[in-house]
Amino acid sequence: MMNYWLFKSEPSTFSIDHLSKCFNQITYWDGVRNFQARNYLRDQCKKGDMVLFYHSNADPPAAVGVSMVVKEGYVDSTAFDPQDKHFDTKSKKEKPTWYMIDIKFVMKFRREVSLDEIKKNAKLQKMVLVRPGTRLSIQPLTREEFEEIVRMGK
DNA sequence: GCCAACGTTGGC
DNA sequence: GCCAACGTTGGC
């Protein structure tokens with residue numbers, strides 16, 4: 001069964017345009033250091049799942065495009081690298097704490113779908129994104145929600 | 001840059 | 001296993 005996800009990224013760090021310019025338009029989604037998000041990445045993100053690409057801390061915050069899972073959960077080795085921003089002393093190679101996946105660029109929306117528009121759309125009221133107090137950087141969404149946002153952005 | 005809300009840490 | 005302190009997230 002295919003799943004649908006929303007991935008947050010700060011465009012100043014990594015935007016949809018960065019993704020589209022990657023070699024083969026594929027990147028690894030590293031640096032997730034939250035257990036709930038980790039569980040989704042490690043256990044539930046499957047090859048072929050669709051990912052809504054969302055710009056957080058942006059002006060305006062918005063869904064900006066679509067990507068796809070091309071490699072399922074594997075060890076995030078940046079956690080072992082003391083030079084890396086996401087280094088974590090507690091993650092051991094014998095028993096890694098953190099995982100990542102690979103995603104591939106699918107499309108950039110013709111127009112961004114802002115958080116404001118999402119909040120105003122009656123069909124999108126149940127999204128994790130608009131639930132008060134949720135800061136998850138990896139969140140599931142339903143096929144209907146995904147398709148509605150793609151429709152708005154096309 | 002502010003700050004509320006949340007997750008994590010660590011002392012007890 | 002409680003909970004205060006701290007760090008981070010992310011909209012504004």
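All values below come from the heavy atoms of this structure, side chains included, with hydrogens, waters and symmetry mates left out. Below, chain A is the first sequence line, B the second, and so on; all start at residue 1.
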Novice: Within the pair Lys8(A) and dT9(C), is there a side-chain N or O less than 4.0 Å away from OP1 or OP2?
Specialist: no

Novice: I need the NE2-P distance between His55(A) and dC12(C), as an integer number of Å.
Specialist: 17 Å

Novice: Please report the distance, rounded to the nearest Å, between CD1 in Ile138(A) and C1' in dC6(B).
Specialist: 17 Å

Novice: Please state whether the phosphate of dT8(C), meaning OP1 or OP2, lies under 4.0 angstrom from any side-chain nitrogen or oxygen of Lys85(A).
Specialist: no

Novice: Take Asp88(A) and Asn57(A), find for each the nucleotide of DNA chain B with the closest heavy atom, and name the residue whose nucleotide sits nearer the 5' end.
Specialist: Asn57(A)

Novice: Rounding to an integer number of Å, can you tell me how far Arg131(A) CZ sits from dC6(B) P?
Specialist: 12 Å

Novice: Once you round it to whole Å, what is the distance between P of dT8(B) and CG of Leu136(A)?
Specialist: 10 Å

Novice: To the nearest Å, give me how far apart CG (Asn34(A)) and P (dT9(C)) are.
Specialist: 9 Å

Novice: When you check the side-chain N and O atoms of Asp76(A) and Thr78(A), is any donor under 3.5 Å from an acceptor?
Specialist: yes

Novice: Any chance the side chains of Asn121(A) and Glu148(A) put a donor and an acceptor closer than 3.5 Å?
Specialist: yes

Novice: For the atom pair CG (Leu52(A)) and CG (Leu6(A)), what is the distance rounded to the nearest 0.5 Å?
Specialist: 5.0 Å

Novice: Would you kindly give the CD-to-C1' distance between Gln36(A) and dC6(B), to the nearest whole Å?
Specialist: 11 Å

Novice: May I ask you to check whether Asp102(A) and Tyr74(A) show a side-chain donor-acceptor distance below 3.5 Å?
Specialist: yes

Novice: State which of dT9(C), dC12(C), dT8(B) makes the closest approach to the side chain of Phe35(A).
Specialist: dT8(B)

Novice: Has the side chain of Arg33(A) got a donor or acceptor that lies under 3.5 Å from a partner of the other kind on the base of dT8(C)?
Specialist: no

